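Okay, so here's the structure we're looking at.
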Amino acid sequence: MNAMSGPSPESTSEHWRIASGDSVVVLNIPGLNGRSRLFDVDIALLVSVPSEVDGSWLELTVEFDGRRQWSRRISAHNPGQTDGLDYHQRLRLEAEQGIRVRALAHVKGVQVRELVIEARESA
């Protein structure tokens with residue numbers, strides 16, 4: 001399941017979001033003529049953890065325009081519940097500049113529940 005939203009029509013600030021149960025999500029923010037923009041980009045990976053977690057792990061990798069920005073792998077915790085990884089970065093886009101944000105989840109012994117990329121324009 002993919003869900004994506006774009007700029008909110010009732011305000012001038014932008015809010016972009018995509019969510020999926022897949023292991024890869026991509027959010028494209030198009031360039032905007034006439035002004036630069038500042039975004040808070042948040043990426044979250046949520047996994048289901050089985051009752052037995054021996055050797056289980058989860059990893060999140062973040063790319064901006066094809067360049068790796070961040071990657072982290074952790075052992076799974078919370079047997080029988082959920083675990084996750086989060087990433088945050090403030091990002092400035094100049095006038096007419098767009099960006100492609102990609103999040104990749106790799107897992108062993110756990111199951112991806114949701115992978116979300118959200119970008120909110122700051123005032």
Side-chain angles (χ1 to χ4, degrees):
M1 176 183 124
N2 279 339
M4 185 167 179
S5 61
S8 172
E10 61 271 357
S11 74
T12 57
S13 64
E14 296 177 51
H15 176 217
W16 298 87
R17 183 179 195 278
I18 185 165
S20 175
D22 295 333
S23 60
V24 177
V25 292
V26 177
L27 177 67
N28 290 300
I29 302 173
L32 181 66
N33 291 333
R35 69 180 178 93
S36 61
R37 299 167 291 168
L38 183 63
F39 285 95
D40 283 305
V41 177
D42 292 292
I43 301 171
L45 168 62
L46 181 67
V47 299
S48 295
V49 181
S51 298
E52 298 294 323
V53 296
D54 289 340
S56 297
W57 51 263
L58 54 147
E59 177 179 286
L60 176 62
T61 300
V62 176
E63 298 175 349
F64 289 172
D65 284 336
R67 292 190 182 116
R68 180 181 287 190
Q69 296 296 309
W70 182 84
S71 187
R72 173 95 19 103
R73 178 184 289 186
I74 62 170
S75 297
H77 299 285
N78 303 326
Q81 297 180 34
T82 61
D83 200 357
L85 279 167
D86 297 307
Y87 173 82
H88 173 84
Q89 181 168 327
R90 187 160 272 200
L91 176 68
R92 181 176 181 81
L93 297 179
E94 298 303 327
E96 300 183 26
Q97 179 187 7
I99 194 161
R100 179 178 187 255
V101 181
R102 184 166 84 145
L104 301 100
H106 300 281
V107 297
K108 178 182 175 193
V110 298
Q111 182 178 15
V112 174
R113 285 182 74 170
E114 187 174 49
L115 184 54
V116 178
I117 302 174
E118 189 167 20
R120 289 184 182 271
E121 186 179 11
S122 301

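Only this structure's heavy atoms are used, side chains among them; waters, hydrogens and symmetry mates stay out. The structure displayed is predicted, hence computed values, not measured ones.
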Is any side-chain heavy atom of V53 closer than 4.5 Å to one of H77?
no
Answer yes or no: is there a donor N or O on one side and an acceptor on the other, between the side chain of E59 and the main chain of R73, under 3.5 Å?
no
Out of curiosity, does L93 fall in the hydrophobic cluster containing F64 (side-chain heavy atoms, cut-off under 4.5 Å, transitive links)?
yes
Spatial distance of atom CZ (R37) from atom CG (L32) [nearest 0.5 Å]:
4.5 Å
Parallel, tilted or perpendicular, judged at 30° and 60°: which one describes the rings of W70 and Y87?
tilted
Cluster overlap V107 with I117, hydrophobic side-chain contacts below 4.5 Å
yes
Looking at every heavy atom in both R68 and E63, which two are closest together, and how far apart are they?
CA-CG, 4.1 Å
Heavy-atom distance under 4.5 Å between the side chains of Q89 and V62, does that happen here?
no
Looking only at non-hydrogen atoms, find the nearest pair between K108 and G55 and report the distance.
CD-O, 3.7 Å
Are the side chains of V112 and L45 in touch, meaning some heavy atoms are under 4.5 Å apart?
yes
Kindly indicate, with the supporting measurements, whether the criterion side chain to side chain donor-acceptor pair (under 3.5 Å) is fulfilled by S36 and R92.
CA-CA 7 Å; S36 61; R92 181 176 181 81; 2.8 Å; yes
Passing option when L115 is tested against I18, L85, L60, V24 for side-chain contact (heavy atoms from CB on, under 4.5 Å)
L60
At their closest point, which heavy atom of V116 faces which heavy atom of A19, and how far apart are they?
CG2-CB, 3.8 Å
Is it the case that one hydrophobic cluster holds both I29 and L38, taking links as side-chain heavy atoms less than 4.5 Å apart, direct or via other members?
no
Give me the atom names and distance for the closest heavy-atom approach of S71 to T61.
OG-OG1, 3.0 Å
For the student: nearest non-hydrogen atoms of A44 and D86, plus distance
CB-OD1, 3.2 Å
Using 0.5 Å steps for rounding, measure from the CG atom of L46 to the OG1 atom of T82.
5.0 Å
Can you find a pair of side-chain heavy atoms, one from V26 and one from N28, that are under 4.5 Å apart?
yes
Please check: side-chain N/O of D40 versus main-chain N/O of R120, any donor-acceptor pairing under 3.5 Å?
no
Surrounding CZ of R35 (heavy atoms of other residues, nucleotides or ligands, distance under 6.0 Å), is the total greater than 12?
yes
Is the shortest side-chain N to carboxylate O distance from R100 to D65 below 4.0 Å?
no
How about V41 and I99: do any of their side-chain heavy atoms sit closer than 4.5 Å?
no
Which pair of heavy atoms, one from G84 and one from I74, lies closest together, and at what distance?
O-CD1, 4.0 Å
When you look at CD of Q97, are more than 12 heavy atoms from neighbouring residues, nucleotides or ligands closer to it than 6.0 Å?
yes
I'd like to know whether CD of E52 has more than 12 heavy-atom contacts from other residues, nucleotides or ligands below 6.0 angstrom.
no
Between the CG atom in L58 and the CD atom in Q111, the distance rounded to the nearest 0.5 Å is 13.0 Å
